[in-house]
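Accompanying notes for the structure given below.
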There are 2 protein chains.
Amino acid sequence: MTIKIIIADDHQLFIDGIKSILSKSLDIETIGEANNGLQVLKLLEEGLLPDVILTDIRMPIMDGVTLTKTVSKDYPNLKILALSMFDQTVDVIEMLDAGAKGYVTKNVDKTELDTAIHTIVKGDYFFSANLPEDIKDWFHKENNIANNQLLTKRETEILQLIVKGRTSLQMAKHLKLSKYTVDTHRKNIHKKLGIKSNTGLVNYALKHL
Amino acid sequence: MTIKIIIADDHQLFIDGIKSILSKSLDIETIGEANNGLQVLKLLEEGLLPDVILTDIRMPIMDGVTLTKTVSKDYPNLKILALSMFDQTVDVIEMLDAGAKGYVTKNVDKTELDTAIHTIVKGDYFFSANLPEDIKDWFHKENNIANNQLLTKRETEILQLIVKGRTSLQMAKHLKLSKYTVDTHRKNIHKKLGIKSNTGLVNYALKHL
DNA sequence: ATTCATATACCTAATGTTAGGTATATAAGC
DNA sequence: GCTTATATACCTAACATTAGGTATATGAAT
């Protein structure tokens, strides 16, 4: 059975290189290519039926994250494999959140790319070996939120002040508490929601409160 | 000419005290009262026509900020005077942003309250003398934004990464720059937009980008 | 009485942000 | 050539946040 893929990258030379490499794989066939995310969507709308989309992240007109979100929503059977120079955890997690099933960096060898494609087609996730170990935390985070830990009344109140941009000291004065108390509530909010940054909390609150 | 006011505060005793004080003013008449923001809106919908609304901030069901935003939008001729125990700059600015024309704290004497009401009816802003001096910066901020300073391409790019919750170091790695460079761009963004906090930038970006 | 959840409070240290200042390089416009 | 805007880079210090840990008090449920 042939695995049909589309390659999206703004560097045509890179696309050609990957096509050449994959042409040596007996069961992988490149059926399309694009230089930005929007071109991929057009190919899909015209009826092209790939199994896997290999996509760069940083592309003009529509980047890989936006493409992944759209494809995951509109074509849920399609698998997305990110192929990118970015190797930070935050980059990987952003693609996972968008719906990607795998992530490899552009410095892996052809064997690993081959393995990646086969792995995600099989239904598993795949990450190249050079990526940080803490990507695994993403799966644990899913579990924490599944446990549905609700914020207490006070925690919700603090979160609302966080969204307004208040500092801990300002909140403490507002609520007639010690700054230490506010910081403890903040710490508990971070822990309950599995979110590490203030900005992450703001974005969460805007979506859920 | 009589100035007609509504008083909103969740402490009925406080309302009664203010009514009593203002009853001694020959040209001020209390025509209504409410224990939360929603009750005020109902009074207005029933046809009550005040000149000024005296409102606390911290009230159940609908707080003073939300009330002020709604009234400023739906009844633009009405003047709002905040009467609150909160005395931090951020509290005052939040009410100004919502549309209030004045702000006095609950520990001012009756003469200052009287003056506040008359001042805002006249069309000027009024702030009790015990409030921080830097409230004046709010008026300068209006000017800065009026000058319509646009962010550069790079600044916009940084702002988008800020919204995603990236740290300066992460951005630097992503963009292949020094962290110092990213920090400098951030500093310039804060300056251009007149916004001091990261969270403020996030909220700005979500509204404008 | 005991346990649990919540609220309040504290301490420490590491990391991240903000704001003041400095500087050079490049490209575009005059 | 000069000026301006933008990008890049650096330094310092103060402030703010995060995360690990500690503790007590209160109210509700068992």
Side-chain angles (χ1 to χ4, degrees), chain A residues 58 88-90 93 132 134 137 140-141 144 147-205, chain B residues 58 88-90 93 132 134 137 140-141 144 147-205:
Chain A
R58 204 177 190 172
Q88 294 184 81
T89 301
V90 289
I93 285 175
D134 61 1
D137 294 343
H140 302 321
K141 187 181 116 188
N144 286 343
N147 284 347
N148 211 11
Q149 299 202 28
L150 296 179
L151 298 183
T152 62
K153 219 177 127 185
R154 190 56 115 183
E155 285 163 352
T156 301
E157 193 173 14
I158 299 279
L159 184 55
Q160 283 168 345
L161 290 171
I162 286 172
V163 170
K164 286 179 179 174
R166 303 288 174 96
T167 64
S168 288
L169 187 59
Q170 286 165 348
M171 293 182 216
K173 284 181 180 171
H174 195 87
L175 302 172
K176 309 263 188 264
L177 301 176
S178 155
K179 178 184 168 297
Y180 290 118
T181 304
V182 172
D183 285 341
T184 300
H185 285 306
R186 293 178 79 150
K187 181 169 52 178
N188 293 333
I189 292 167
H190 281 289
K191 193 166 178 184
K192 281 192 182 180
L193 300 180
I195 294 168
K196 295 192 171 190
S197 70
N198 198 57
T199 302
L201 293 185
V202 172
N203 285 322
Y204 171 87
Chain B
R58 204 176 192 176
Q88 294 183 82
T89 301
V90 289
I93 285 176
D134 60 4
D137 294 345
H140 300 325
K141 186 182 118 187
N144 285 343
N147 285 347
N148 210 12
Q149 298 202 26
L150 296 178
L151 298 182
T152 64
K153 220 179 126 186
R154 191 57 118 182
E155 284 163 354
T156 303
E157 195 173 12
I158 299 278
L159 185 55
Q160 284 167 345
L161 290 172
I162 286 173
V163 171
K164 285 179 181 176
R166 303 289 174 93
T167 63
S168 289
L169 188 57
Q170 287 168 346
M171 293 182 217
K173 284 182 179 170
H174 194 85
L175 301 172
K176 307 265 189 257
L177 300 175
S178 157
K179 178 182 168 299
Y180 290 118
T181 303
V182 171
D183 285 338
T184 299
H185 285 304
R186 293 179 79 151
K187 180 167 55 177
N188 292 335
I189 291 168
H190 282 288
K191 193 166 178 184
K192 281 191 181 179
L193 299 181
I195 294 167
K196 294 192 172 189
S197 70
N198 199 57
T199 302
L201 292 186
V202 173
N203 287 321
Y204 172 87

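Everything quoted here is computed from the prediction, not taken from an experiment.
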Can a donor-acceptor pair be found, under 3.5 Å and without considering hydrogens, that links the side chain of B:Q88 to the backbone of A:K173?
no

Test: ring-ring contact (aromatic ring centres under 6.0 Å, His included). Region: residues 182-203 of chain A. Which pairs qualify, not counting sequence neighbours?
none

Protein heavy-atom contacts under 4.0 Å, written 5' to 3' over nucleotides 11-28 of chain D as B (base), S (sugar-phosphate only) or - (none), form the string B-----BBBBB-------

Salt bridge flag under 4.0 Å for residues A:D183 and A:K179:
yes

What I'd like to find out is whether the side chain of B:I158 reaches to under 4.5 Å of the side chain of B:L151, using heavy atoms alone.
no

Taking CG from B:L175 and P from D:dT8, how many angstroms apart are they, rounded to a whole number?
8 Å

With side chains defined as the heavy atoms from C-beta onward, is the minimum distance between A:N198 and A:R186 less than 4.5 Å?
yes

B:R154 CZ to C:dT26 C1', in whole Å, measures 14 Å

Validation row: A:H174, A:V182 side chains within 4.5 angstrom (heavy atoms):
no

State, yes or no, whether a side-chain contact exists between B:I162 and B:V202 at a heavy-atom distance under 4.5 Å.
yes

Check every strand shown and say whether A:T181 touches a base, only sugar-phosphate, or nothing at a heavy-atom separation below 4.0 Å.
base

Whole-Å distance separating the NZ atom of A:K153 from the P atom of C:dA7
9 Å

With the side chain counted from C-beta on, respond yes when A:N203 and A:I195 share a heavy-atom pair under 4.5 Å apart, and no when they do not.
no

Starting from P on D:dA7, measure out to CG on B:L151 and report it in whole angstrom.
10 Å

Round to the nearest Å and state the distance from B:N188 atom CG to D:dT6 atom C1'.
10 Å

Heavy-atom side-chain contact between B:L175 and B:R154 under 4.5 Å
yes

Take the C1' atoms of the five end pairs on each side of the helix from C:dA1-D:dT30 to C:dC30-D:dG1, derive the two axes, and give their angle rounded to 10 degrees.
40°

B:E155 CD to D:dA5 C1', in whole Å, measures 11 Å

Does a nitrogen or oxygen in the side chain of B:T152 sit under 4.0 Å from OP1 or OP2 of D:dA5?
no

